[in-house]
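For reference, the structure is listed below as structure tokens.
Each chain gets a letter, A, B and so on, in the order its sequence line appears, and its residues count up from 1.
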Protein chains: 2
Amino acid sequence: MNKNLKRMATMQNMQKTGLELFYTKGYYNTSIDDILKELSLSKGAFYYHFSSKEDFFIEIVQNLLARKVYSLLIEPIEGHENPFELISNCFEEALETAVHNEMDFGFILGNFISEFNGRNPKIMKHLNDVLKIWEVNLVSTLQRGKFNGYIDRHTDSEAVAVFLISSFLGIRTMMVETAPSALKYRFMHQIKVYFKAIEAKKENV
Amino acid sequence: MNKNLKRMATMQNMQKTGLELFYTKGYYNTSIDDILKELSLSKGAFYYHFSSKEDFFIEIVQNLLARKVYSLLIEPIEGHENPFELISNCFEEALETAVHNEMDFGFILGNFISEFNGRNPKIMKHLNDVLKIWEVNLVSTLQRGKFNGYIDRHTDSEAVAVFLISSFLGIRTMMVETAPSALKYRFMHQIKVYFKAIEAKKENV
DNA sequence: ATGTAAACCGACTACCTAGTTTGTTACTAT
DNA sequence: ATAGTAACAAACTAGGTAGTCGGTTTACAT
């Protein structure tokens, strides 16, 4: 096999199973040996490609987490259609993967933020960057919605974005152990109730 | 000193600093030695009073966390007044302690739920019990609000409770690193927008 | 074919962790 | 006063952890 390809392959394998294990068992509760065992690789291989456990994790955040958040939570809401529908559908899909116990990257992000909060400033910076990107793009979508006459012009887009993200992170935390399907249904309904409150009023029909 | 009193004192000291350290550094990232060092106590003392780290934590959840959640998040919303004001004021105070970087027990609960999710079913059961108590009492308050004519009678109280808790847990996660005061302000405003959407309509004034 | 460097192996260090055990105080009932 | 026991002290076990290092394989250029 081509050397460069092999290099890329092993690095990506490590990062992929690394993310899976960090996600399911937590960062501090997952050893590098756990990851290597899964791949039948050795310590030498790991420290040849990565300089430390911390740097390894940061590369995962940038290569996997950030990109997935972008493709699953940002791109889908970039259009000029009704922003309420764009966001609803996006959340709906993200929560549906959660119901099926698959990896939902918005949640993974929130989970890691909880784990590193006040414990590892360096990692937190990278996680906050990803969160910020999500927030900024949500604000853009909401501003577009105002411009296109969907959202009431008195609405504070930043506040709405924060509120949406926080409620999403929160519901995902709650969904893990108790009746995720029912929770999803209720949550999505209340999100729509909330949207109703900030939609543009048709004052003169 | 009376022996029984001494026993109680040391146990409570251990639990108190135990909670503080578990909260700031995380459970898996805090060793028993860390806690004992803080109190100048020995392993012997710890294992004389508690059977394991896990049981120690569970006692903390029941003795400290559950009671604080009750006194800070449940009792304050038990009246027959306007439920929106009761809940708003309650959240307002909880988030204010968060701004001042003090221990906010609703958040501590959410934080621990994140940490033990899918990793320790026994501990998760106890944490979920506390969460459930909060949820049930929120539903009660909302039902009272419907009965007393504050909340629209078509409202799904369970869904609203879930939505409120999840958004609270989420905003707390976000508040830790970035401009907590501004986040609090925006969040509280959107909560009130949401409340407006489910308040009882005065159809015949 | 052969030198060379990338990619990897696996034993090793130094340190940390939960839990055990044996020994020592200090209180307290008689 | 003294025996008994509650409340602790501290050394120890057994297992795990991140990171290092000298050696081995594999691929590729010449």
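Take the nearest nucleotide of DNA chain D for B/G44 and for B/R7: the residue whose nucleotide is more 5' is B/R7.
Side-chain proximity of B/K53 to the nucleotides D/dA7, C/dG19, C/dC8 is greatest for C/dG19. Of all nucleotides listed (D/dA18, C/dA7, C/dT20), C/dA7 comes nearest to the side chain of A/Y48.
B/S51 comes within 4.0 angstrom of nothing in the nucleic acid, heavy atoms only.
For B/D55 and C/dA18, the CG to P distance is 14 Å, given to the nearest whole Å. Rounded to whole angstrom, the span from the CZ atom of A/F22 across to the C1' atom of D/dT17 amounts to 13 Å. The nearest whole Å value for the distance from the CG atom in B/L36 to the P atom in D/dA7 is 17 Å. Nucleotide C/dC8 holds its P atom 11 Å from the CZ atom of A/F50, rounded to whole Å. Atom NZ in B/K6 sits about 19 Å away from atom P in D/dT5, given to the nearest Å. We find that CD1 of A/I32 is positioned 5 Å from P of D/dA18, with the value rounded to whole Å. Atom CD1 in B/I35 sits about 12 Å away from atom P in C/dG19, given to the nearest Å. Atom OH of B/Y47 is separated from atom P of D/dA11 by 18 Å (rounded to the nearest Å).
Proximity of A/S42 to the phosphate of C/dC8: no side-chain N or O atom is located under 4.0 Å from OP1 or OP2. A/H49 has no side-chain polar atom (N or O) that falls below the 4.0 Å cut-off from OP1 or OP2 of C/dA6. Applying the 4.0 Å criterion to OP1 and OP2 of D/dT17, one finds that A/S31 has a side-chain N or O inside that range. Between D/dA7 and B/T10, no contact under 4.0 Å exists linking OP1 or OP2 to a side-chain N or O.
If you run side chain to side chain donor-acceptor pair (under 3.5 Å) between B/N63 and each of B/Q12, B/K68, B/Q15, only B/Q15 comes through. Only one option out of A/F107, A/F163, A/F187, A/W134 pairs with A/F168 in a ring pair (Phe, Tyr, Trp, His ring centres under 6.0 Å); it is A/W134.
The two residues A/I151 and A/P83 have their closest heavy-atom pair at CD1-CG, 3.9 Å.
A cation-pi arrangement is absent between A/K25 and B/Y28 under the rule of less than 6.0 angstrom and at most 45 degrees off the ring axis.
Side-chain to base pairing of A/K43 with D/dG19: one donor and one acceptor N or O lie within less than 3.5 Å of each other.
Residue A/Y47 qualifies as enclosed at atom OH: its count of foreign heavy atoms under 6.0 Å is above 12.
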